[in-house]
Amino acid sequence: MEPFGTRLRRAMDERGPLCVGIDPHASLLADWGLNDDVAGLARFTRTVVEALGEQVAVFKPQAAFFERFGSRGLAVLETAVVEARERGALVLMDAKRGDIGSTMAAYAETFLRKDSPLFSDALTVSPYLGYGSLKPAVDLARESGAGLFVLALTSNPEGAEVQRAVREDGRTIAATVLGHLAAENAGAEPLGSFGAVVGATLGDLSSFDLAINGPLLAPGIGAQGATPADLPTVFGDAVRNVVPSVSRGVLRHGPDTAALRAAAHRFADEVRTALD
Ligand SMILES: O=c1ccn([C@@H]2O[C@H](COP(=O)(O)O)[C@@H](O)[C@H]2O)c(=O)[nH]1
């Protein structure tokens, strides 16, 4: 399989630079007239995948909303991953895994081994047990042609106390994570496969070097208050590598398929305008 970064660049060029999150909140299930049970979860997820699977570059299922239903929720997630990929969308599993290396290897097998039922094109991971603890995931992603998105500067205000903490050498934790990612992506063309999560809500980030030669997943657009128009200010010269991500901002338009498609189109158009 081609490296994730290559496939992502092509998908964004062909379909527009937008990632739509699949976040079946209990409140959204209710708004869609569905029960907060496995049948409601399955109906919600199928509707989103069928409506947008041939339109958006990337889906980002939020694993938590599936895991809360146990094994039957995971079965819904497995089906969604397969059907989304069959429709040509890339799947970025938002599971934010992170643990000591030996356990990280098992998480990596779950999401990044090609024959796993939950194999995804990319996975979000947490570097807060030390970047080196992610090595099994980095290695398996390379072997499988998959990618990683490492939490660097998250969209929530609470993230700053950890991510902007300054080390003895004067660098912030986030800058250290970004430095590791730049090293992973060195020499990759057209785009590396090892991305950072950098919130669109964070305002001017010019004090950070975002030139990691990899994708920058930008959650926070829509329900968290950021807009596509904020992207150039937040990302500066790195804006071309941004993967803007919207969940509730699109999902709240369901269950009507045409309305979901129109909402995703609107966000993609706003992103294109902002990046021009
Ligand atoms: O820094 C981060 C990292 C991940 N997320 C996830 O993205 C979506 C955001 O959903 P919205 O409805 O668009 O607010 C959600 O799954 C988060 O867990 C994030 O928001 N910020």
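This is a predicted model, so every value here is computed, not measured. Remember, it's 1-based here, ligands and their atoms both numbered in the order they're listed. Values reported hereafter were calculated over all heavy atoms of this structure, with side chains retained and with hydrogens, waters and symmetry mates removed.
No donor-acceptor distance shorter than 3.5 angstrom exists from the side chain of Asp99 to the backbone of Met104, with no hydrogens or angles considered. Between the Glu270 side chain and the Ala229 main chain, no donor and acceptor come within less than 3.5 Å of each other.
Listed by chain and number, the residues in a salt bridge (Lys or Arg N to Asp or Glu O under 4.0 Å) with Arg85 are Asp121 (sequence neighbours excluded).
The closest protein non-hydrogen atom to atom 13 (O) of ligand 1 is Ser247 N, 3.0 Å. Nearest non-hydrogen protein atom to atom 4 (C) of ligand 1 is Lys96 NZ, 3.3 Å. Among protein heavy atoms, atom 18 (O) of ligand 1 sits closest to Gln62 NE2, 3.0 Å. Looking only at heavy atoms of the protein, atom 21 (N) of ligand 1 is closest to Ser155 OG, 2.6 Å.
Of the polar atoms of Gln224, at least one N or O is found under 3.5 Å from an N or O of ligand 1, judged by distance alone. Below 3.5 Å of separation, one finds no N or O of Thr154 facing any N or O of ligand 1.
Proximity of Pro219 to ligand 1, defined as any heavy-atom pair under 4.0 Å, is confined to the side chain (atoms from C-beta onward).
The environment of CZ in Arg68 is crowded: more than 12 heavy-atom neighbours from other residues, nucleotides or ligands sit within 6.0 Å. Summarising the local packing, CD of Glu189 is surrounded by 12 or fewer heavy atoms from other residues, nucleotides or ligands at distances under 6.0 Å.
Within ligand 1, counting atoms from 1 as listed, the ones closer than 4.0 Å to a heavy atom of Val197 are 1 (O), 3 (C). Using a 4.0 Å cut-off to heavy atoms of Asp23, the atoms of ligand 1 that qualify are 8 (C), 10 (O), 15 (C), 16 (O). Under a 4.0 Å criterion applied to the non-hydrogen atoms of Lys60, ligand 1 contributes the atoms 6 (C), 7 (O), 8 (C), 15 (C), 16 (O). Close approach of ligand 1 to Arg248 is summarised as follows: ligand atoms under 4.0 Å from at least one heavy atom of the residue are 11 (P), 12 (O), 13 (O), 14 (O).
For the pair Val20 and Val246, the minimum side-chain heavy-atom distance is 4.5 Å or more.
Using 4.0 Å as the threshold, Ile221 has a heavy atom nearer than that to some atom of ligand 1. Every heavy atom of His25 sits 4.0 Å or more from the atoms of ligand 1.
Within the structure, the salt bridge (charged side-chain N to carboxylate O under 4.0 Å, His left out) test picks out no pair touching residues 223-246 (sequence neighbours left out).
Classified by interplanar angle (parallel below 30°, tilted 30° to 60°, perpendicular above 60°), the ring pair Phe65/His25 is tilted.
The residue from Leu202, Asp94, Thr201 that puts a heavy atom closest to atom 6 (C) of ligand 1 is Asp94.
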